[in-house]
S.K.: 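I'd like to ask some things about the structure below.
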Amino acid sequence: MRRFFLSTCSILLIAILALAGVAQKPAAKRGAMGPPKAALDTITADGVMSHIKVLASDEFEGRAPGTRGEELSINYIANQYKKIGLQPGNTDGTYFQKVPLVGITTKNKDTEMEVRAKGKELKFKFADDFVARTTRVVDEAKFDADMVFVGYGVVAPEYNWDDYKGQDVSGKVLIMLVNDPAVPDPRNPSRLDPKMFKGRAMTYYGRWTYKFEIAAQKGAAGVLVVHEWDDAKKEGPAGYPWSVPRGSFTVENFDLETKEPRVNIEGWIRDTKTRELFNAVGLNFDQLKKAAARRDFKPVDLNARAKLTIKNQIRRIESHNVVGKLEGSDPKLKDEYVIYTAHWDHFGIGEPDASGDKIYNGALDNASGTSGMIEIARAFAALPKPPRRSILFVSVTAEEKGLLGSKYYAENPIYPLEKTVAEINIDGINQWGRTRDITVIGLGNSTLDDVLRQAAAEQKRHLAPDPEPEKGFFYRSDHFNFAKQGVPALDPESGVEFIGKPAGYGKQKRDEYTANDYHKPSDEIKPDWDLSGAVEDLRLLFTVGYRVANADKIPEWKPGTEFKAKREAMLKK
């Protein structure tokens with residue numbers, strides 16, 4: 001009778017509401033609703049810029065790990081988390097996760113690499129012609145060994161590709177081409193074969209980190225990747241000018257201490273000097289490069305011997321990730337996590353530019369991303385009620401040294417990765433105005449794209465794939481370390497369709513930044529910055545994290561993605 005009475009009352013109430021003209025709305029699916037406007041409105045251009053001005057100031061000395069710049073940076077970020085109201089993210093009650101690093105500085109930067117090539121004596125000058133370092137924790141590293149050209153240096157069983165063909169290259173100095181094998185499309189030789197190494201899009205085989213790793217596995221004494229770049233056209237397979245590896249290899253470099261095999265010496269050599277070397281031994285670089293794009297390529301003995309000694313200055317430091325936590329409101333789901341990451345570090349004080357400026361301020365890269373993440377954290381803290389799942393904000397160290405802070409967290413997580421439902425990375429923000437689109441690096445990899453697509457549509461925007469897939473950006477930022485461990489990861493970037501700007505403006509600005517400011521002291525706040533687009537992007541990423549944290553279903557990798565099997569195995573444990 002009670003049940004019947006309540007049902008009858010319910011029917012009468014519905015009828016009354018209908019007569020009154022009150023339309024019923026279907027119950028909203030949990031996770032489909034966005035954050036309230038008041039929380040979204042806490043993210044402002046002035047708020048973001050206020051943090052960039054501090055983090056990218058000369059006072060912070062370029063934010064290099066293990067320096068006064070680190071101390072200032074991590075304390076500033078932790079204090080912001082505290083002011084916002086985030087809990088200390090580490091289970092030890094602090095905002096810091098210690099990251100042990102080994103700093104290695106090449107002392108003899110005036111050294112030369114000597115090459116004997118068919119009776120000719122060639123000399124290559126450090127920094128101008130080549131750069132090299134060792135990631136072994138040793139006082140001195142050297143090679144005096146025969147040189148072998150191994151094409152792209154790739155072993156990819158899924159493509160039936162092996163550049164080594166079983167030849168023993170242990171103890172040799174290997175010369176490798178940058179990027180994936182440039183296999184022509186048989187139907188249109190002017191394009192790359194989309195069935196081989198993802199066509200234009202770079203795979204991990206194209207990354208220089210892979211090339212150093214495979215050389216070590218093969219027992220090589222040294223490896224030099226050919227840096228191909230046309231300064232006049234501002235383009236080339238390397239993806240950036242010579243100043244980038246020159247700047248990276250002439251300052252202190254860091255690594256995690258590891259038992260993984262490493263070559264004695266790893267580095268880059270300019271394409272002009274590679275051609276000079278090949279000409280000296282009677283070989284044609286362009287012909288060999290073309291041959292290297294075929295499956296039947298075999299290593300080529302260069303009939304040359306290289307000699308190089310590098311002396312190191314070694315120091316061990318304790319760097320830090322900065323971790324803030326907003327605890328979830330659901331008793332059952334608060335032990336699951338959505339992680340936002342942005343790296344706080346840059347290159348510190350290094351080689352001066354033409355104006356004499358030697359502070360690598362890193363305003364865009366990545367004071368801007370760190371600042372944006374702080375403002376997203378502020379927006380989450382402004383919610384009337386926290387989302388169901390917990391949110392972690394992890395400002396990671398040593399991204400510029402090889403994604404080391406995120407690698408350390410992913411291999412030593414404070415909270416279990418099987419309970420980490422998503423990772424959202426912010427590596428730079430849009431400083432040129434509003435766009436109709438937002439770029440997703442690795443678009444199509446996970447269902448996080450679907451959440452982002454819905455949120456973007458509500459801003460009357462759309463998703464766009466990486467406009468430069470050949471540069472391998474998916475493997476060049478901190479989300480990759482989480483993806484490698486199986487955690488669904490989202491790596492958004494600025495759009496390229498700028499409102500009120502001519503077609504091609506977005507690519508023009510990206511190219512200008514790469515050529516003029518990327519990893520240079522000139523990466524500073526510019527007078528023409530317009531953060532209106534950045535605010536839209538940050539509100540978008542806030543919405544994505546909010547919805548994922550409230551949703552019934554967690555994100556997952558899409559079929560065919562290389563990280564899907566690892567995630568599924570992780571969740572079965």
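Just so we're clear, the structure is a prediction, and the values are computed from it rather than from any experiment. Count residues from 1 along the sequence.
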S.K.: Think Lys218 forms a cation-pi with Tyr164, using NZ or CZ under 6.0 Å from the six-ring centre and within 45 degrees of its axis?
M.R.: yes
S.K.: Ignoring hydrogens, what is the shortest heavy-atom contact between Pro65 and Lys401? Give both atom names and the distance.
M.R.: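 Shortest heavy-atom contact: CD-CE, 4.4 Å.
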S.K.: With a 3.5 Å cut-off and no angle check, do the side chains of Ser477 and Asn425 form a donor-acceptor pair?
M.R.: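 The answer is yes; a qualifying pair exists.
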S.K.: Indicate whether any N or O donor in one side chain lies under 3.5 Å from an N or O acceptor in the other, for Glu61 and Thr67.
M.R.: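 Distance-only check fails for Glu61 and Thr67.
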S.K.: Using the benzene-type ring in the case of Trp, are the ring centres of Phe474 and His479 under 6.0 Å apart?
M.R.: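 Yes.
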S.K.: Using the rule given for salt bridge (charged side-chain N to carboxylate O under 4.0 Å, His left out), can you reason through Lys211 versus Glu266, listing the C-alpha separation, both sets of side-chain angles and the distance that settles it, and then say yes or no?
M.R.: CA-CA 9 Å; Lys211 295 176 187 293; Glu266 57 191 35; over 6 Å; no
S.K.: Can you say whether the rings of Phe347 and His519 are parallel (under 30°), tilted (30 to 60°) or perpendicular (over 60°)?
M.R.: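 Perpendicular.
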S.K.: On the 0 to 90° scale, with breaks at 30° and 60°, tag the Tyr240-Tyr518 ring pair as parallel, tilted or perpendicular.
M.R.: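 It falls in the tilted class, 30° to 60°.
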S.K.: Any donor-acceptor pair under 3.5 Å linking the side-chain atoms of Arg389 with those of Asn550?
M.R.: no
S.K.: With no hydrogens and no angle check, just 3.5 Å: does a side-chain donor-acceptor pair link Thr42 and Arg378?
M.R.: no
S.K.: For the pair His320 and Phe96, name the ring-plane relationship: parallel under 30°, tilted 30 to 60°, perpendicular over 60°.
M.R.: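 Answer is perpendicular, since the angle exceeds 60°.
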S.K.: Determine whether the side chains of Tyr415 and Thr91 contain a donor N or O and an acceptor N or O closer than 3.5 Å.
M.R.: no
S.K.: Where the side chain of Asp163 meets the backbone of Val154, is there a donor-acceptor pair that is under 3.5 Å apart?
M.R.: yes
S.K.: Can the positive tip of Arg207 be found less than 6.0 Å from the middle of the six-membered ring of Tyr475, inside 45° of the ring normal?
M.R.: no
S.K.: What salt bridge (charged side-chain N to carboxylate O under 4.0 Å, His left out) pairs are there with at least one residue in residues 441-457, not counting sequence neighbours?
M.R.: Asp450-Arg453, Asp450-Lys558
S.K.: Indicate whether the side chain of Ser319 and that of Glu70 have a donor and an acceptor atom separated by less than 3.5 Å.
M.R.: yes
S.K.: Can you label the angle between the Tyr210 ring and the Tyr205 ring as parallel, tilted or perpendicular, going by 30° and 60°?
M.R.: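 Perpendicular: the ring planes of Tyr210 and Tyr205 meet at over 60°.
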